[in-house]
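Below is one structure; the comments refer to it alone.
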Amino acid sequence: MERVHKYLAGAGVASRRKCEQLVASGRVTVNGVVVADLRRLVDPERDSVAVDGRTIHPVAAHTYIALHKPRGYVSTVTDTHGRPTVLDLVRAVEGRIYPVGRLDMDSEGLLLLTNDGEMAFGLTHPSREVPKTYVVTAKKPISPRDLEILRKGVELEDGVTLPARADLVDESGRVVRMVLREGRKREIRRMFETLGNSVERLIRVKFGPISLGKLAPGQYRRLTRSEVEELRNLTMYGKGSSHR
């Protein structure tokens, strides 16, 4: 027995948070009866669970993909404005998968996709503080004072950012490697705006223990078993580090 939203997430319907919203909005039925209580338990062997009238079956196996998202693609399953989505790049992958978190349209780099709703929930939940590494090219040189502000936390309209790692990576003074442990919307771009600067290019090169590596823009690969296990450790034990 498991809670209905967890069953849906495990079946690859969507992330756990999205599945909670599906239940709360009355779009889920169990044995033909609408349920809106997240505490509702279901038995996968006996109960028939449906979303918008479509019966949901457990997936036989989970899929885990690392994609190099190019600029110009949105990190959603569909887009009401008709813009290309990251799923257009993984059409050859069988079954339904969806992005873990997002990269904005003008950003590029590593994006994970899966049908494992529980893992997706764990990797994006704020309490886990999963580290994500970016290489950021700014329009103007970044001063030592700017670096200290980035490291200590920046005051944004939705609160102060968590302390981050920020280190210059070349002599131009415009390229900085940053490690963040939260995932607010356009967070890095807004951080630089508060410094009177702007971001010309933003590439995510690492998500937790998974690296972008040599994937070219638009290319993807399946994660190895050891990589999946490392991600599971993060979601199980949290705070951005594997259990030892």
Side-chain angles (χ1 to χ4, degrees), residues 1-67 69 73-105 111-128 130 183-185 207-208 220 222-223 225 227-229 231-238:
M1 301 283 283
E2 59 183 327
R3 293 190 177 185
V4 61
H5 62 286
K6 289 187 177 183
Y7 170 81
L8 294 173
V13 172
S15 68
R16 198 167 93 180
R17 187 174 291 108
K18 177 62 176 178
C19 289
E20 290 175 354
Q21 295 172 356
L22 291 174
V23 174
S25 61
R27 296 171 59 186
V28 177
T29 61
V30 177
N31 301 325
V33 178
V34 174
V35 297
D37 187 349
L38 295 177
R39 297 170 297 179
R40 175 66 156 86
L41 298 177
V42 297
D43 183 345
E45 298 296 324
R46 297 184 178 183
D47 294 324
S48 175
V49 182
V51 176
D52 295 334
R54 180 173 64 91
T55 301
I56 305 301
H57 302 284
V59 294
H62 287 123
T63 300
Y64 306 92
I65 298 293
L67 167 73
K69 187 192 95 64
Y73 286 79
V74 293
S75 302
T76 56
V77 175
T78 59
D79 184 69
T80 55
H81 300 291
R83 296 171 297 183
T85 79
V86 291
L87 292 190
D88 295 329
L89 301 169
V90 292
R91 292 184 181 277
V93 177
E94 295 183 0
R96 178 188 175 94
I97 57 175
Y98 46 86
V100 179
R102 295 186 179 185
L103 280 173
D104 65 53
M105 190 171 183
L111 185 68
L112 302 181
L113 300 100
T114 186
N115 55 6
D116 187 339
E118 283 294 297
M119 178 179 285
F121 176 81
L123 290 174
T124 55
H125 196 280
S127 68
R128 299 299 193 269
V130 176
R184 304 188 202 183
K185 185 176 181 180
F207 192 126
Y220 65 89
R222 293 180 184 271
L223 299 188
R225 288 186 180 182
E227 287 175 326
V228 172
E229 186 60 31
L231 291 177
R232 286 206 178 102
N233 284 339
L234 280 179
T235 60
M236 183 179 299
Y237 302 107

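For clarity, every value in this text was computed on a predicted model and none was experimentally measured.
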Ignoring hydrogens, what is the shortest heavy-atom contact between A9 and C19? Give both atom names and the distance. N-SG, 3.5 Å
For a 4.5 angstrom cut-off between non-hydrogen side-chain atoms, does M119 reach V100? no
Would you confirm whether D37, through its side chain, and R39, through its main-chain N or O, come within 3.5 Å as a donor-acceptor pair? yes
Value for CG (N31) from CG (D47), rounded to nearest 0.5 Å, stands at 4.5 Å
Is the shortest side-chain heavy-atom distance between V42 and V35 below 4.5 Å? no
Looking at every non-hydrogen atom in both residues, tell me the closest pair between G208 and L234 and how far apart they are. CA-CD1, 4.0 Å
So with a 6.0 Å cut-off around CZ of R40, is the heavy-atom count from everything else above 12? yes
Distance col, row T63:OG1 vs E94:CD, nearest 0.5 angstrom, shows 9.0 Å
Give a yes or no on whether the backbone of I56 and the side-chain of Y7 come within a donor-acceptor separation of less than 3.5 Å. yes
Least distance between heavy atoms, L223 atom then A66 atom: CD2-CB, 3.7 Å
N/O donor-acceptor pair under 3.5 Å between Y64 side chain and L112 backbone: no
Side chains of L103 and V86 in contact at under 4.5 Å (non-hydrogen atoms): no
Do V28 and V49 pass the side-chain contact (heavy atoms from CB on, under 4.5 Å) test, and can you show the C-alpha distance, the side-chain angles, and the key distance before you say yes or no? CA-CA 7 Å; V28 177; V49 182; 4.1 Å; yes
Strictly distance-based, threshold 3.5 Å: is any side-chain N or O of R96 a donor or acceptor partner for the main-chain N or O of N115? no
A side-chain contact here means heavy atoms from C-beta on lying under 4.5 Å apart; do R17 and H125 qualify? yes
Using modelled atom types only, decide if a donor and an acceptor are shared between the side chain of Y98 and the backbone of V77 within a distance under 3.5 Å. no
Flag side-chain contact, heavy atom, 4.5 Å: R225 against E229: no
Main chain of G10, side chain of H62: is a donor-acceptor contact present, judged purely on distance under 3.5 Å? yes
side-chain contact (heavy atoms from CB on, under 4.5 Å) between V93 and R222: does it pass, once the steps are laid out? CA-CA 10 Å; V93 177; R222 293 180 184 271; 4.1 Å; yes
Rounded to the nearest 0.5 Å, the CG atom of L111 sits from the CD1 atom of I65 at a distance of 11.0 Å
Determine whether T114 and I97 make a side-chain contact, defined as any pair of heavy atoms from C-beta on separated by less than 4.5 Å. no
Are the side chains of T124 and S15 in touch, meaning some heavy atoms are under 4.5 Å apart? no
Going by atom types only, do D88 and Y73 share a side-chain donor-acceptor pair under 3.5 Å? no
Say you draw a straight line from NZ of K69 to CE of M105; how long is it, rounded to the nearest 0.5 Å? 7.5 Å
Point-to-point distance, once rounded to the nearest 0.5 Å, from CD of E118 to CD of E2: 8.0 Å
Side-chain contact, heavy-atom cut-off 4.5 Å: V228 with D116? no
Return the CZ to CG distance between F207 and L123, rounded to the nearest 0.5 Å. 5.0 Å
